[in-house]
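Report on the following structure.
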Amino acid sequence: MPGIKTQEILVNMGPQHPSTHGVLRLVIKTDGELVTEVTPIVGYLHRCAEKIGENVTYDQWIPYTDRMDYIAAMGNNLGISLAVEKLLGMEAPPRAQVIRVLVCELNRVASHLIAFGTFGLDVGAFTPFLYAWREREMILNLFEMLCGARMTFNYIRIGGISFDIDQKFIDKTKEFIEWFEPRIKEYNDLLTYNRIFVERTAKIGIISPERAISYGLTGPNLRASGVNFDVRKDFPYCGYEKYQFNIPLGRDVPEIGAVTGDCWNRYYVRIEEMIESIKIIKQTLENIPAGEYYDAPKKIKPKAGEVYTRIENARGIVGFYIISDGSEKPVRAKVRAPSFINLSILPEIGKNVLVADLIAILGSIDIVLGEIDR
Amino acid sequence: MSLNEILLNIIFYALALTGLFSSFMVATSTNMVRTAFSLLGVLFSFAGLYGLLRADFLFAAQILVYVGGILVLIIFAIMLTHKIANVNLSNESTSSSTVIAVVCILFAVLVFIALTLPEYIKINQRNKPLTEMIGNNLLSDSLLPFEILSVLLLACLIGAVYLARKEVKE
Amino acid sequence: MKEFIEHLYNELEFLEGLPFIIPFIIGSFILAFIIINFIAVFAGVCTYIERKVAARIQARVGPYMVGPHGILQWLADALKLLFKEDTVPEKADKLLFKLAPFIVFAGSFACWVALPLAPAFSPARLNIGILYIIAFGSSVILGILMAGWASSSKWALFGAMRSAAQIVSYEVPTGLTILAMLLITGTLDMHNTIAQINLDGTISGGQSQGLPFPLNYFSTNADNFSAGMFSWYIFRYPPFTFIAFIIIYICALAETNRVPFDIPEAESELVSGYHTEYSGMRFSFFFLSEYANMFVFSAIITTLFLGGWLPPFNITGSLLAPACGIILYMLVKGKTTDPANRFIAFCTGAGIGIFLGVLSGDKNYWFADYLGIQSLRFIEGLFWFFTKSFGLVILMMWLRWTIPRYRVDQLMELCWKKLTPLAFINLFCIGILEWLYK
């Protein structure tokens, strides 16, 4: 009918909103229930983490990296440590290398548990969230045993790790793995193959492999689109080449109607990655070499130069770019934060979906605001 | 007049006054949404009057159909229209002389009916449930008009669906 | 209710000179007062149970600090809500904002009046009972729309629109299913619906006189078997009555905005829907009406399908069921630590007990009859009615904490493309069966 037009409503979602995973603000234009445009607005948690890095010594910057991706802080510790080690031209002792892999994988499991739980919460299933929390609590207890901290570890240092592990930790970790492995089946029964859950997530927010690459997605989001790229496999660090593990990829699952790159696959890749991480943890526990666990020069004063390292963290590739002028402090420090880059695809795939789908898409991208705003 | 009748009269006048006041609000309120909600009062007080006349089926149907169905649709339509709450209705027509004339004629007709058909008041004394009677009537004596109405409504429904779908295709 | 007051009026001598209308009005007010308080307490207890059920499902403890096992937590919550500041948003339509919670609550409160709570007792016995409940149940939508609009918040408006659309849509399959059941019961009076069931499997006064195959086995062999729960309407025309039961239960979930249909209050999308802007007592009115509504729908289903206040088993069965259950539970207790297994063991035991009860051919259903105290039937009936309705309420809670929620278009699709046609077919089939077996 001519003359009649629908009025779009401009809705402000956040920064205080239950499902924006922190202080993200989304400005959405809606036509009824349909989202016609979505603009993420970031910066509410900006704490100048990079600028601070340029004003403190290399060692002193490590605690600040904890506070970027606070869900998977071990990876950030590892990233900065590897970067400075590369700048110094040294390598951590073998024992430290193995323990680094161990804690990073444990932290990946903890982080994916949160992703799994909050995604369930976003589509309305409350209970899986608390199950995920229960298991994550055990991992946090392990970390507390290790370094006293539960979230901001400051554990991996330049030249090694801050505390050695003992037999008790190894036993407890084995205990945890024994408890955790059957739980994954429980998650799958409760949520993954639940019909309502599949209807809510399958074929929603599809990201094609080309688009994923062009937006620079990394981590589970990229692999859910079927792109086989994982820094741990392709550019191994810390001796990842020694471990047997697979890279889970998104795929079409016709029996439930999921297609490559949709929300369901992004979710399921994380579940599968937890299984693979457990595999790696088992292998590290088998052979932890004896010897030094920390070996760094008294004064960390790298030669002038620049370095970029990247590692595969829970949310994707964390990159550290550092320019040194030969003093104790970096001249320039820049972090490639995976959440920030992953979020950039939201305006693209969040168009012409229902409000509920937008929430599901946002949940499936799995962002951490501490890392986005830094 | 027994106590029972006094009480019934009190209830009747309370309901009638509520109905009148709500109708007044419907006609004079400048806020569309409030107008719609005032209609709620009108419909409820009429349902109450049906109840008072022991027309139990009409009472339930009034609430079910008018309150639960039609009024909700009206409010829906109002809410879906952009910024309708801010539109200032001028109510110019209230001063129009033709309207006053029409209202006067209607009122006269009502008064005439009320005065010439006093037996309606006797319904008060009847104590038989209406539902069964209405049901039997609808499916025996009044079957044909009932069915014709059904077909008409079905035609309306199909027409509405057709119109709505056409817009989607564009 | 009226009969009860009449009875009192005739018995009590000091009321001699008064016209009947005065004690009637006073009695009605007292009853209304009792019911309104009962709903408040009931909803409070429901929140406590809901939190405990949720905690149990989620491997938590739940409320534990106020009173033994946190049993007084609901009272503390209510007090807290009473003392909360009552905020009204600046841009809100103040009158409608304040009116909305009362309309919602009045809608669900009015429904309670017609529920047949026990033999020969419902607060008001209406001969259009079920129609009355549906009518007043639907007036809740208006309160919700009012709340959503008056809050002048986009989230609240979204929630209200979704809620109204959802409730209006789901009334169609609900109505059709109730219609199908009315074909069987042949009465709108909720009281007669149950009163006409005879526990030996026949219906007196109703349209239907006999059960179709295969359940006629119980009624035709009434000498050997006691029908008990098989006389309920849900077992009348299997599988169509089962389908009707499932449809109406799904609709009840949708109409009370429970998971998986809690789209109007979808926390992750709409903050908390139409009552986002409410606080304190006004908020608690919405809360009360939610639980009151849950119970009303469960009560309707109980009346139409599960035999209302009728006892499900004969006396032997009701005594043997808990006994066998506990015995099996004790046997299993030492061998397994999984509470699920223990629960299954208890249920199996109870099932065996019921089956033994049926085998025994006991014809006594009411303890009241057995003991010879007729007035005990009232308490027994009340017990069974609340047990059955509450079972359905707990099932709603169980579902809430287990499954995710539907999207708004999927919800509509389920209603219009699946439930409504199914309800139509069901109505047709039950109609034909009723015609054949009349």
Side-chain angles (χ1 to χ4, degrees), chain B residues 1-8 10-11 25 29 31-41 43-44 47 50-51 54-80 82-86 127-135 161, chain C residues 18-25 91 93-97 99-100 103 106-107 110-111 114 126-150 152 156-158 160-165 167-169 171-172 175 182 186-189 255 416:
Chain B
M1 207 189 273
S2 76
L3 198 65
N4 212 337
E5 279 172 29
I6 295 174
L7 197 85
L8 284 177
I10 291 172
I11 295 175
M25 288 292 291
S29 177
N31 183 327
M32 273 297 253
V33 178
R34 281 208 182 183
T35 309
F37 281 117
S38 305
L39 206 56
L40 177 71
L43 296 172
F44 258 114
Y50 288 140
R54 311 220 174 191
D56 48 8
F57 182 78
L58 273 183
F59 163 76
Q62 165 93 359
I63 293 174
L64 189 62
V65 176
Y66 283 93
V67 177
I70 290 174
L71 188 55
V72 169
L73 284 183
I74 290 175
I75 292 174
F76 240 81
I78 290 173
M79 283 184 176
L80 284 174
H82 177 61
K83 280 184 179 167
I84 198 145
N86 303 338
N127 203 0
K128 207 178 152 209
L130 259 181
T131 320
E132 207 181 320
M133 260 161 61
I134 292 178
V161 170
Chain C
L18 276 172
F20 171 66
I21 196 80
I22 289 175
F24 181 65
I25 290 172
K91 283 187 179 169
D93 187 327
K94 304 249 172 355
L95 178 75
L96 294 183
F97 186 83
L99 203 60
I103 290 189
C111 294
L126 302 169
N127 63 357
I128 48 157
I130 189 102
L131 205 58
Y132 169 87
I133 290 182
I134 299 169
F136 272 91
S138 69
S139 69
V140 169
I141 309 168
L142 279 169
I144 288 173
L145 278 175
M146 205 185 258
W149 188 81
S152 80
L157 190 62
F158 258 137
M161 301 284 258
R162 281 181 174 191
S163 183
I167 296 176
V168 169
S169 307
E171 259 169 22
V172 177
L182 288 181
T187 173
L188 284 172
D189 187 340
E255 293 212 27
W416 292 108

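So that the names make sense, note that chain A is the first sequence line, chain B the second, and so on, each numbered from 1.
- Side-chain contact between Ile63(B) and Tyr132(C) is absent, with no heavy-atom pair separated by less than 4.5 Å.
- Partner Leu142(C) forms a side chain to side chain contact (heavy atoms under 4.5 Å, CB included) with one of Leu71(B), Leu43(B), Leu39(B) and no other, that one being Leu71(B).
- Note on Leu73(B), Val65(B), Leu64(B): by heavy-atom pairs under 4.5 Å with chain C, the leading option is Leu64(B).
- Within the 4.5 angstrom heavy-atom criterion, no atom of Ile167(C) approaches chain B.
- Environment of CZ in Phe44(B): crowded, with over 12 heavy atoms of neighbouring residues, nucleotides or ligands closer than 6.0 Å.
- Using a 4.5 Å heavy-atom threshold, the side chains of Ile128(C) and Phe59(B) count as touching.
- Per-residue counts of heavy-atom pairs under 4.5 Å with chain B were compared for Ile141(C), Leu99(C), Ile134(C), Leu145(C); the largest is that of Leu145(C).
- Residues Ala60(B) and Ala135(C) approach most closely at O-CB, 3.6 Å, considering heavy atoms.
- Shown are Leu40(B), Val72(B), Val67(B); of these, the side chain to side chain contact (heavy atoms under 4.5 Å, CB included) with Ser139(C) is made only by Val67(B).
- Within the 4.5 angstrom heavy-atom criterion, atoms from both the backbone and the side chain of Ala165(C) approach chain B.
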